[in-house]
Amino acid sequence: MSVRSDSLERFITGVKKRNPGEPEFHQAVEEVAASIIPYIQDKPIYQEMQILERMAEPDRAVTFRVCWEDDNGNIRVNRGYRVQFNNSIGPYKGGIRFHPTVTLSVLKFLGFEQTFKNSLTGLPMGGGKGGSDFNPKGKSNNEVMRFCQSFMTELNRHIGENTDVPAGDIGVGAREIGYMFGQYKRLTNEFVGVLTGKGLEFGGSLIRTEATGYGTIYMLDNMLQHAGNGMEGKNIVISGSGNVATYAAEKCHQLGAKVLTMSDSSGFIHDPAGIDEEKLAYMVDLKQVRRGRIKEYADKFGCEFHEGRPWNVPCDVAVPCATQNEISGDEAAALLKNGCMAVSEGANMPTELTGINAFQDAGILYAPSKAANAGGVAVSGLEMSQNSARISWKEDELQDLLKGIMKDIHDNCAEYGQKGDKVDYLAGANIAGFVKVADAMLAYGVV
Ligand code: NDP
């Protein structure tokens, strides 16, 4: 059983006091602090310089009004945010999320996590996150365009190719990035790499779309191989049916595993025959082009649809790719009971702390999101390099770079997380991500 030390207790109490009403942020900080506090016990310089305390405070957070007009001529008001968390090792970098559940707490948790994740990639990127409580679901293209333009009209003051380079996240895909980049260009009269995830015609990078999902499965494959196992023949339960879930499913299939489930916010489909490339192409058309509900997949291929989440389906591996806190302690217990021996997190913080403790106590292979889903931001970093140099790398070069970065992340986590004959990937990811940012902060003195 995990027991909280006095130092961790004191630290978390302080974070909660300074950030009232922000449960997601508290959760993300606690998960990291539980690994970092023991690590810095015998490293007084990090304690004297209050490095962890400073890392738990964003550099700044801006919120702003976003007004736009719907197709019926009504004026609508949403709230926009950008949390610039830490730029010690490079410009702020992290996605923009459009979803009704977006709050400052959610974006602070995401920005905090992003700082560690970006450090793990080995590329020079700081951490940030932004978004709005705008719900793109059910909106026309013109409504989404007007919203994105209004959002960027304020956001453009806070970002820049050397300052802060946002990307996509939930509810923000190629369409939204296109509208926002177009508005940035119009407002500033500059064509620079200020957003990543752009279309290929205007500075986007090959494989950026696939990178997060592929990377999550490369991380899984690396963990399995390190443990003397492999992907071939594994039964995989995936949640989500968006960008990350789709390419995670594709890579599982390519590596010889069978994907049994995918989901959306209405429920999940269970296809015991496996979701192959042809069925995935249907899923992409259904969810990303027609923006329909996942039940249509079950009707088309004659499999089961259930409300709720897929974690009671027996599997070897779980790959959560939808959203935060989608695996509770009870659901983690159900996965373990049904034989799950590995988890690779495509979504950000998809497992509640009680669930993480259950995985850790059971000693299964558990890759936390900051390591497992870092492939997306890594290729975003490569998109920034290509934009700066005004060149485009070829697909096979980028595929090799992504694979290499995920292998390095795995090995780095394994080095810092080695405990006896096992690897604690959670501690490994937290510590490896911390050290680089902390050492840069030490070099800057008190700032
Ligand atoms: P998408 O918007 O493309 O897809 C999100 C998927 O998750 C959809 O199937 C959606 O269902 C489902 N979903 C969203 N919110 C909920 C909810 N509250 N309950 C149940 N299902 C939900 O997003 P992405 O695939 O880009 O992102 C998924 C996760 O991966 C997020 O945690 C994101 O932060 C993380 N991530 C994404 C990266 C990227 O490159 N895109 C990079 C790193 C992390 P529905 O269609 O019904 O809304």
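Order of appearance sets the numbers: ligands from 1, and atoms from 1 within every ligand.
Aromatic ring centroids of Phe191 and Phe202 lie 6.0 Å or more apart.
For Asp133, the side chain to side chain contact (heavy atoms under 4.5 Å, CB included) test picks out Asn78, Arg79, with sequence neighbours left out. Annotation: side chain to side chain donor-acceptor pair (under 3.5 Å) contacts of Ser35 (sequence neighbours excluded): Asn430.
Inspection of the Tyr218 and Lys407 side chains reveals no N or O donor paired with an N or O acceptor under 3.5 Å. Residues Gln183 and Thr153 bring a donor and an acceptor atom of their side chains to less than 3.5 Å of each other.
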Listed pairs under 3.5 Å, donor-acceptor, residues 334-342 side chains, sequence neighbours left out:
{"from": "Asn338", "atom 1": "ND2", "to": "Asn312", "atom 2": "O", "distance (Å)": "3.3"}
{"from": "Asn338", "atom 1": "ND2", "to": "Ala334", "atom 2": "O", "distance (Å)": "3.4"}

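Protein neighbours of ligand 1 below 4.0 Å, counting non-hydrogen atoms: Arg97, His99, Lys137, Asp169, Ile170, Gly171, Arg208, Thr212, Gly240, Ser241, Gly242, Asn243, Val244, Ser263, Asp264, Ser265, Lys287, Arg293, Cys321, Ala322, Thr323, Gly346, Ala347, Asn348, Asn373.
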